[in-house]
*Asks:* 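Just dropping this structure here.
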2 protein chains.
Amino acid sequence: MAYAKQYIDKLRKSGLRPTKQRIKICEVLFDTDKTFHFTIKELVKIIENQANIKVSLATVYNTVHAFIIKGYLKEIPLNSSQSYYDTNVSHHHHFFDEEENKLIDIDQDDVDEINIRKKIPGKKIRSVEVIAKIVSDNQSQK
Amino acid sequence: MAYAKQYIDKLRKSGLRPTKQRIKICEVLFDTDKTFHFTIKELVKIIENQANIKVSLATVYNTVHAFIIKGYLKEIPLNSSQSYYDTNVSHHHHFFDEEENKLIDIDQDDVDEINIRKKIPGKKIRSVEVIAKIVSDNQSQK
DNA sequence: CAACAGTTTAGAACTGTTTTAATATAATTT
DNA sequence: AAATTATATTAAAACAGTTCTAAACTGTTG
């Protein structure tokens, strides 16, 4: 509850009224310093486990989308049947562990600046993301 | 028709029998030197427009998947509601034009080698892909 | 505290993908 | 080249994630 005020602020800035459900969503997403990668389904499950608040899928989708537009969350550019989201909105990259279907952050500092020499007339680059797929290193190749 | 033989070969190597439908798919995908980016729906539409052959979605999905496993096609790691595929299977990167929903290849040579300093114990990197999202450059920010 | 605008919800609808089971076609055997 | 067997094609159903809908509800404002 200590952070309720800042959650209300975040919601307001995202153009959303602070409701029970949305504040609970904020608690789950922003109550920790650690980066948090999640899918919508996982988020719903965590809320259900942590609180006696029932939150519908629609509410979760709406709130997550508003936060993305505002820049409080980032969608991770990973093609999968479902969308992954990230509370770490700083510019950074990802490992994707194909065996465990898990994402791991790579700080921007851990990758040399990416300089793309090709230019597209009339277009500018809005974001550059690196996805490095990783698998177990068992010497033997599969 | 000239390339039928090499398509049959590709199909066989992918563990597929050469059928009318599959050869038609090959014609659309491999009949040009140019890189071809496509979604399943687009591929079906092209086939329908170009030929009097009716091809079901299921056949297209099956064939595309077999080609991916064999390495004749690549899935592009772009998060979108649908999957994008690429006939360019060499190691390269992509622009994604968010306004036109179109992909543009970036040759590996046009990007400095990507050196990721972070290591994950027991894991090795299998692929590294860069996606640069681009939008119109109208001076004025949106 | 009334009225209104915005919110929540369950469930329906929608989209891309996968599966199913009947029919058709290719490959193999005779 | 016919018969047999194995595999492919198909329409339609199933499925999963996401979005939409419309009715009930709640926060906000005056």
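Chain letters run A, B, ... following the sequence lines, proteins first, then strands; residues in each count from 1.
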*Asks:* Is there a side-chain contact between B:His92 and B:Lys74, using heavy atoms and a 4.5 Å cut-off?
*Replies:*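 With C-beta onward as the side chain, the pair touches.
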*Asks:* As a test of reading the structure: which of D:dA8, D:dG27, D:dT19 is closest to the side chain of B:Arg17, going by heavy atoms?
*Replies:*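 Shortest atom-to-atom distance from the side chain points to D:dA8.
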*Asks:* Under a criterion of less than 4.0 angstrom to any heavy atom of chain B, what are the 5'-terminal and 3'-terminal contacting nucleotides of DNA chain C?
*Replies:*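 So the contact region on DNA chain C extends C:dG16 to C:dA27.
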*Asks:* Under the 6.0 Å and 45° cation-pi test, does B:Lys10 pair with B:Phe30?
*Replies:*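 Checked: cation-pi criterion met.
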*Asks:* With heavy atoms under 4.0 Å as the rule, sort B:Thr59 into base, sugar-phosphate or nothing.
*Replies:*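 Here B:Thr59 touches the bases of the nucleic acid.
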*Asks:* Over how many whole Å does the gap from A:Ile40 atom CD1 to D:dT19 atom C1' extend?
*Replies:*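 To the nearest whole Å, that distance equals 12 Å.
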*Asks:* Would A:Asp105 and A:His37 count as having a side-chain donor-acceptor pair, cut-off 3.5 Å?
*Replies:*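 Result is yes, a qualifying pair exists.
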*Asks:* Supply the atom-to-atom distance B:Ile120 CD1 to A:Ser136 OG, rounded to the nearest 0.5 angstrom.
*Replies:*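 B:Ile120 CD1 to A:Ser136 OG: 12.0 Å, rounded to 0.5 Å.
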*Asks:* May I ask you to decide if the ring planes of A:His93 and A:His91 are parallel, tilted or perpendicular, using 30° and 60° as cut-offs?
*Replies:*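 Plane angle over 60°, so perpendicular.
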*Asks:* Counting any heavy atom closer than 4.0 Å, what does A:Thr19 reach on the DNA or RNA strands: base, sugar-phosphate only, or nothing?
*Replies:*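 Sugar-phosphate: the residue A:Thr19, judged by heavy atoms under 4.0 Å, touches backbone atoms but no base.
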*Asks:* Looking at every strand, decide which applies to A:Lys54 at a 4.0 Å heavy-atom threshold: base, sugar-phosphate, or nothing.
*Replies:*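 Sugar-phosphate, no base atom in range.
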*Asks:* Looking across every strand, which nucleic acid part, if any, lies under 4.0 Å from A:Leu57 by heavy atom: base, sugar-phosphate, or nothing?
*Replies:*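 Base contact - A:Leu57 has a heavy atom under 4.0 Å of at least one base atom.
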*Asks:* If each of B:Lys20 and B:Lys41 is mapped to the nucleotide of DNA chain C with the nearest heavy atom, which maps nearer the 5' terminus, i.e. the 5' end?
*Replies:*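 Its nearest nucleotide being more 5', the pick is B:Lys41.
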*Asks:* Measure CZ/B:Arg22 against P/D:dT7 and give the value in whole Å, please.
*Replies:*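 Atom-to-atom, B:Arg22 to D:dT7, this comes out as 11 Å.
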*Asks:* Nearest whole angstrom, please: distance from the P of D:dT18 to the CD of A:Glu42.
*Replies:*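 Computing the A:Glu42:CD to D:dT18:P distance gives 11 Å.
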*Asks:* To the nearest 0.5 Å, what is the distance between CZ (B:Phe96) and CD1 (B:Ile104)?
*Replies:*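 Reported value, rounded in 0.5 Å steps: 10.0 Å.
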*Asks:* What is the nucleic acid contact for A:Thr39, judged by heavy atoms within less than 4.0 Å: base, sugar-phosphate only, or nothing?
*Replies:*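 The answer is nothing, as A:Thr39 stays clear of every strand by at least 4.0 Å.
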*Asks:* Could you tell me how far apart A:Gln82 (CD) and D:dT18 (P) are, to the nearest whole angstrom?
*Replies:*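 About 6 Å, once rounded to whole Å.
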*Asks:* Test A:Lys24 against A:Glu27 for salt bridge (charged side-chain N to carboxylate O under 4.0 Å, His left out), laying out the working first.
*Replies:* CA-CA 5 Å; A:Lys24 185 69 215 171; A:Glu27 281 173 23; 3.2 Å; yes
*Asks:* Expressed as a whole number of angstroms, how long is the span from B:His65:NE2 to D:dA8:P?
*Replies:*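 Atom NE2 in B:His65 sits about 16 Å away from atom P in D:dA8.
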*Asks:* Measure from CZ on B:Arg12 to P on D:dT7 and round the result to the nearest Å.
*Replies:*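 Nearest whole value for this atom pair: 13 Å.
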*Asks:* Indicate, with a heavy-atom threshold strictly under 4.0 Å, whether B:Ser56 touches base, sugar-phosphate, or nothing.
*Replies:*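 Base contact.
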*Asks:* What is the distance, to the nearest angstrom, from the OH atom on B:Tyr61 to the C1' atom on D:dA14?
*Replies:*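 Whole-Å distance recorded here is 14 Å.
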*Asks:* Which nucleotide, D:dT18, D:dT10, D:dT28, lies nearest any side-chain atom of B:Ala58?
*Replies:*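 Nucleotide nearest to B:Ala58's side chain: D:dT10.
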*Asks:* What is the distance, to the nearest angstrom, from the CG atom on A:Asn62 to the C1' atom on D:dT21?
*Replies:*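 One finds 12 Å between C1' of D:dT21 and CG of A:Asn62, rounded.
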